[in-house]
Amino acid sequence: MRLVTWNINSLRLRLPLLAQLTLDERPDVICLQETKVPDPLFPADKLQELGWEHQVYWGMKGYNGVAILSRHPLERVLDVPNWCGRGDSRHVAAWVSLPHAKVLVHNFYVPAGGDIPDINENEKFAHKLSFLKEAREWCSQQAAEKTVLVGDLNIAPCEHDVWSHKQLLKIVSHTPVEVEALNAWLATGFVDAMRHVTPEPEKLYTWWSYRNRDWRKSNRGRRLDHIWVTPDLLPNVKAFRVLKDSRDWESPSDHVPVVMDFTI
DNA sequence: ATGGTCGACACTCGA
């Protein structure tokens, strides 16, 4: 199984890029975040034409939105929480029926959390931490097997997941309180598959801000996008690639796709 | 320390 996770930052705007990615990589499954398209306007037919026969998606007007596209049958998981009681389209889950196995895929878009890392001054940061706590509590009650959890988790947990650990300690996405919350969630039964394959101190980034003249030269990246697996799947993790060059595609997303290959 | 750039949508918000 080849699986991709990508914050596409508007599915409709970047449909041509998704088509290119589909042709270039031939993934079995792709998880998208920030599709920014309400369900009635989801481009299901166009994705069908690209070979994405099976689709589960949940969007809303203007922002958020997640989707799982697959060449193999999908069985959507319906009994998932209404995170923070908000009705936000930030999570979908589905069983993927591969020829010789079934795998559960969770696709998350964690709240970004605003600019000020203080729950009293910034409601968005409070929301982010609440979301992480709920996710940890819920996952601790799920069977920790045959599961891949991916998405834009909006946190760069490791020292070498950011361009400057010291300079980002008070920047939302790399504050100790967020890292602690993310690691507590991870510890409910997952392994950080990207860091399992490529341990620190090697730098890993999946996102570069739009607000840089030359993103490659300044290289102020962060690893906000993640692939977690339950330990039973760890022997099946082969390799991954961060498609860094896609950051230079025409009208790119600020996140780049991460491709992981499994021997499943 | 500041402002820098996007996308959706309708003026400004979220990132």
How many Å lie between [atom1] on [X] and [atom2] on [N], as a whole number?
| X | N | atom1 | atom2 | result |
| --- | --- | --- | --- | --- |
| Trp207(A) | dT5(B) | CH2 | C1' | 11 Å |
| Leu13(A) | dC6(B) | CG | P | 12 Å |
| Ile8(A) | dC6(B) | CD1 | C1' | 15 Å |
| His127(A) | dC13(B) | NE2 | C1' | 16 Å |
| Gln167(A) | dT2(B) | CD | P | 16 Å |
| Asp152(A) | dG14(B) | CG | P | 17 Å |
| Asn122(A) | dG14(B) | CG | P | 10 Å |
| Phe125(A) | dG14(B) | CZ | C1' | 17 Å |

With a non-hydrogen cut-off below 4.0 angstrom, is [X] in contact with a base, only sugar-phosphate, or nothing?
| X | result |
| --- | --- |
| Arg220(A) | nothing |
| Arg222(A) | nothing |
| Ser251(A) | sugar-phosphate |

| query | Mind checking the P distance from dA1(B) to dA15(B)? Whole angstroms is fine. | reply | 25 Å
| Same-atom distance (C1') from dG14(B) to dA10(B), integer angstrom |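 So the two C1' atoms sit 15 Å from each other.
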| task | Would you check if the side chain of Glu75(A) reaches a backbone N or O of Trp95(A) as a donor-acceptor pair within less than 3.5 Å? | result |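 Between the backbone of Trp95(A) and the side chain of Glu75(A) there is no qualifying donor-acceptor contact (under 3.5 Å).
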| According to a strict under-4.0 Å criterion, is Arg211(A) in side-chain N/O contact with OP1 or OP2 of dA15(B)? |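 The answer is no; no side-chain N or O of Arg211(A) sits under 4.0 Å from OP1 or OP2.
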| task | Using only side-chain N and O atoms of Lys61(A), determine if any of them is under 4.0 Å from OP1 or OP2 of dA10(B). | result |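 For dA10(B), OP1/OP2 do have a side-chain N/O of Lys61(A) under 4.0 Å.
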| Side-chain donor-acceptor contact under 3.5 Å, Trp215(A) with Asp248(A) | yes
| said: For Thr263(A) and Asn236(A), which I'm curious about, is there any donor-acceptor pair between the side chains at under 3.5 Å? | reply: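 Indeed, the side chains of Thr263(A) and Asn236(A) share at least one donor-acceptor pair under 3.5 Å.
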| Minimal non-hydrogen separation, Ala144(A) against Thr188(A), with atom names | CB-O, 4.3 Å
| Heavy-atom pair with the smallest gap, counting every atom of Arg90(A) and Val110(A) |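 For Arg90(A) and Val110(A), the tightest heavy-atom pair comes out as NH1-C, 3.5 Å.
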| query | Nearest to the side chain of Glu34(A), which nucleotide is it out of dC6(B), dG14(B), dA15(B)? | reply | dA15(B)
| task | Could you check Arg90(A) against Gly62(A) and say which one's nearest nucleotide on DNA chain B is further toward the 5' end? | result |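 Nearest nucleotide further toward 5': that of Gly62(A).
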| task | Name the residue closer to the 5' end of DNA chain B, choosing between Tyr109(A) and Met60(A) according to the nucleotide with the nearest heavy atom. | result |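 Its nucleotide being nearer the 5' end, the pick is Met60(A).
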